[in-house]
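Here is how names work: the chains are called A, B, and so on, in the same order as the sequence lines, proteins then strands, and each is numbered from 1. What you are looking at is a predicted structure, and each value in this text was computed from that prediction instead of being measured.
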Number of protein chains: 2
Amino acid sequence: MEKGVLRAAATRSALFSQLPPAETSRLLDASSLRQFPAGQALFHQGDVPEYLFQILSGLVRVTQLNSEGEQITLRIMRPGDLCCVAAFRQRSYPATATAIKATSVLAWRTNSFVALTQQSPALADNVVCIAGDRTREMLQRATEMTGKCIAQRIAASLLRLSAQAGVRTPAGIHIESPVTRIDLASMAGLTYFTVSRTLSAWQKQGLVKSGRHRLTILDISRISEIAEPRIGAG
Amino acid sequence: MEKGVLRAAATRSALFSQLPPAETSRLLDASSLRQFPAGQALFHQGDVPEYLFQILSGLVRVTQLNSEGEQITLRIMRPGDLCCVAAFRQRSYPATATAIKATSVLAWRTNSFVALTQQSPALADNVVCIAGDRTREMLQRATEMTGKCIAQRIAASLLRLSAQAGVRTPAGIHIESPVTRIDLASMAGLTYFTVSRTLSAWQKQGLVKSGRHRLTILDISRISEIAEPRIGAG
DNA sequence: CGTCACCTTGATGGATATCAAAAACCGTGG
DNA sequence: CCACGGTTTTTGATATCCATCAAGGTGACG
């Protein structure tokens, strides 16, 4: 792929939104292009934040170690996403980011990125917006996990996956990252046995289609209803 | 209480950190002082964000409605805390904030606050730092809730409470907000029966002391160990 | 001193984790 | 094309934990 093409794509993301041309090029000039093969970590939980990343191509899984020593999948990041807003002004990365596929990113050193935000109010505002989005998402995730019924937790995880790694196809929404039962279990806080049973049941009802590493959501509206049985407002 | 005293206190918070005097007064001048009696809401989940609040005195509970229609307590906010960074650039408040005690706040209209951040890089940076903190906290909360063992969830909730509403006393860390078993249950995603049983057991072991609406953590280190049995790194 | 709200404790059932084993899937190499 | 081995997934049996239901106790406050 061409550098120019990737950079053009980068500027269509939330980070570059509404930025004057001069600031766009300043931001691009300050970045470096980096590549990560599948399986390699962009950064590790606990490390001192050195870089801020914008994903250009590929797919990244963000995980956190829970108290039992398991890697909990927090979210999947795709091209256009900023990784990780929450950490670049903190003492350490709160999570680990690993490339699922071969991934290319724009990288900024944290301190030079801070300098850039100080020179550009529009950029600073974009960062605040993105950080707010991320907080909101994690807030909702935390609330979803308190739900008693497991079906709701799994359905919520599927919705999140479809938003973060879903591709519309004629058949339904296909999840492009390879998703094992173990991955889903770690997102929903369940065992993979339970996930398997639930998915089997849903497959019989035509809600999803899933095989080895593969997952397609056939009926997103019914999954949504399972995740959030209608009460009052949203 | 005097306005001047409250405002002096406000400027010692994270929002005003490292701000040049001129910007400090500009920020203060743009704010209005508002009071909320106990039980009144600062804002409701779903409403369009109109104000950003900095708490001067009192105590505020932030809750979110889960899919079963229960109010889940997400965190407690105390004087010095900014409420809510996650929402002021969003379409709606993701949660409800309610005064637990009589509470006074500095309030900024969201759009005038955005204007202020655009004029002050230092202020924008502070907001980014606070937003990062908040995201990180919710991230960790989301992970904690996936833990299977309930003792861990309750212990984690106690630690969070002690950080957000705890006061050091000779006897231990006293939680200043009135905490019912129901409140704790809504933080940990459990029933209040289970919380009651666990707290009773811990009281017999001398870890906590709790009565009607009252809660004191006697042995925070053992509670920490329950919340996070040591594995590798943190 | 009575009422109300909160807290405790016990008994029970159901949902889900755990253990165990077999089946499906995929890539590989014959 | 087919057989093989490892990994993932499915399914079943059992045990455990926690929600639920029920009843009684305790403290606060009028």
- Report the C-alpha distance between B:Ser210 and B:Arg181 in whole Å, list the side-chain angles of each, state the deciding distance to 0.1 Å, and finish with yes or no for side chain to side chain donor-acceptor pair (under 3.5 Å). CA-CA 10 Å; B:Ser210 81; B:Arg181 300 288 179 270; 2.6 Å; yes

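Of all the residues in residues 180-197 of chain A, A:Leu190, A:Thr191, A:Phe193, A:Thr194, A:Arg197 reach under 4.0 Å from DNA chain C with at least one non-hydrogen atom.
Using cut-offs of 30° and 60° on the angle between ring planes, the pair B:Phe53 and B:Phe36 is perpendicular.
Scanning DNA chain D 5' to 3' for nucleotides with an atom closer than 4.0 angstrom to a non-hydrogen atom of chain A gives a first and last hit of D:dG6 to D:dA13.
Enclosure of atom CZ in A:Arg214 is not indicated, since only 12 or fewer non-hydrogen atoms of other residues, nucleotides or ligands lie within 6.0 angstrom. The number of heavy-atom neighbours closer than 6.0 Å to NZ of A:Lys101, taken from other residues, nucleotides and ligands shown, is above 12.
Judged as a side-chain contact (heavy atoms from CB on, under 4.5 Å), and not counting sequence neighbours, the contacts of B:Pro79 are B:Ile55.
The line from CD of B:Glu70 to OG1 of A:Thr143 is 11.0 Å long, rounded to the nearest 0.5 Å. Distance CE/B:Met187 to CE/B:Met145: 9.0 Å, rounded to 0.5 Å.
A:Ile150 comes within contact range of the sugar-phosphate backbone alone, with a heavy-atom separation under 4.0 Å but no base atom that close.
As a whole-Å value, the separation of A:Arg153 CZ from C:dA15 P is 15 Å. Put simply, CG on A:Leu199 is 16 Å from C1' on C:dA24, counting in whole angstrom units. In this structure, B:Lys204 atom NZ and C:dT8 atom P are separated by 10 Å, rounded to whole Å. The distance between atom CZ of B:Arg214 and atom C1' of C:dC7, rounded to the nearest whole Å, is 15 Å.
Summarising the geometry of B:Glu68 relative to A:Cys149, their closest heavy-atom pair is OE2-N, 4.3 Å, with the distance given to 0.1 Å.
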